[in-house]
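Inspection log for the structure reproduced underneath, given as structure tokens.
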Amino acid sequence: MKSKSSSGGLVYSTEHGRMCPDCRQPLDACICQQSTLPSGDGIVRVSRENKGRGGKTVTVVKGVLRDAAGLSALGKQLKNACGSGGTVKDGCIEIQGDHVATVISTLQKQGFTVKRAGG
């Protein structure tokens, strides 16, 4: 059986809503999840992949120097521009289908330095 001291003494509270399991602060004030901007050369690379995806083609955007919230917002803009679905995972934006030209033009309009990667 777990003792109260191992759980920080707090068993259950609705005062602050959801709490971070690591720093035991409310999620709004969580200090352990603050992320720094990823480092890189500042060049966004756009490629087309289909390996390991059951033959489905996806457009992959890598190297965007934004935090998680900014990356998901950019992913949403790109999905709307392409009229397609997609996801953001592991610091990459994946758009369903072959939309390399559309993604490159959209990113260049937003001021990014973009290169086409792969074949």
Side-chain angles (χ1 to χ4, degrees):
M1 185 167 118
K2 239 179 168 182
S3 68
K4 280 187 184 180
S5 62
S6 68
S7 64
L10 181 65
V11 178
Y12 182 77
S13 173
T14 59
E15 183 178 348
H16 298 289
R18 296 192 58 173
M19 305 293 273
C20 176
D22 298 326
C23 65
R24 301 205 182 277
Q25 297 293 322
L27 285 181
D28 297 337
C30 177
I31 56 173
C32 63
Q33 295 297 328
Q34 291 178 352
S35 62
T36 59
L37 289 177
S39 61
D41 58 0
I43 298 174
V44 178
R45 289 175 171 78
V46 180
S47 63
R48 187 184 69 205
E49 293 180 2
N50 63 359
K51 288 189 176 180
R53 303 176 193 279
K56 308 279 191 213
T57 301
V58 295
T59 303
V60 180
V61 181
K62 296 179 183 175
V64 180
L65 300 179
R66 291 201 177 168
D67 61 347
L71 201 61
S72 62
L74 179 63
K76 185 173 182 177
Q77 291 175 357
L78 293 175
K79 290 187 289 185
N80 285 337
C82 296
S84 180
T87 187
V88 177
K89 60 175 146 178
D90 300 330
C92 298
I93 301 172
E94 297 179 357
I95 309 292
Q96 295 173 350
D98 185 6
H99 300 286
V100 174
T102 307
V103 169
I104 288 174
S105 66
T106 304
L107 290 173
Q108 286 175 340
K109 287 178 188 173
Q110 293 186 9
F112 289 99
T113 303
V114 184
K115 285 187 177 179
R116 182 180 176 127

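Nothing fancy with the numbering, it's 1 onward along the sequence.
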**OP:** Report the C-alpha distance between Val61 and Val114 in whole Å, list the side-chain angles of each, state the deciding distance to 0.1 Å, and finish with yes or no for side-chain contact (heavy atoms from CB on, under 4.5 Å).
**Re:** CA-CA 10 Å; Val61 181; Val114 184; over 6 Å; no
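- Summarising the geometry of Val60 relative to Lys62, their closest heavy-atom pair is CG1-CE, 3.6 Å, with the distance given to 0.1 Å.
- Here the straight-line distance linking atom NZ of Lys56 with atom CG of Asn50 works out to 11.5 Å at 0.5 Å rounding.
- Across Ile93 and Ile95, no two heavy atoms sit closer than the pair CG2-CD1, 3.9 Å.
- Although no hydrogens or angles enter the test, the distance criterion places no donor-acceptor pair under 3.5 Å between the side chain of Thr57 and the main chain of Asp98.
- The nearest pair of heavy atoms linking Ser47 to Ala117 is CB-O, 3.3 Å.
- Following chains of ILVMFWY side-chain contacts shorter than 4.5 Å, one cannot reach Leu71 starting from Val58, and the two form parts of different hydrophobic clusters.
- With values rounded to the nearest 0.5 angstrom, Ser105 atom OG is found 12.0 Å from His99 atom NE2.
- Atom-to-atom distance recorded for Thr106:OG1 and Phe112:CZ is 11.0 Å, nearest 0.5 angstrom.
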Sequence neighbours excluded and cut-off under 3.5 Å, please list the side-chain donor-acceptor pairs for residues 75-87, or say none.
from: Gln77; atom 1: OE1; to: Gln110; atom 2: NE2; distance (Å): 2.8
from: Asn80; atom 1: ND2; to: Lys76; atom 2: O; distance (Å): 3.4
from: Ser84; atom 1: OG; to: Gln96; atom 2: O; distance (Å): 2.6

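- Both Leu74 and Val103 sit in one connected hydrophobic cluster of ILVMFWY residues. Membership requires side-chain heavy atoms under 4.5 Å apart, directly or through other members.
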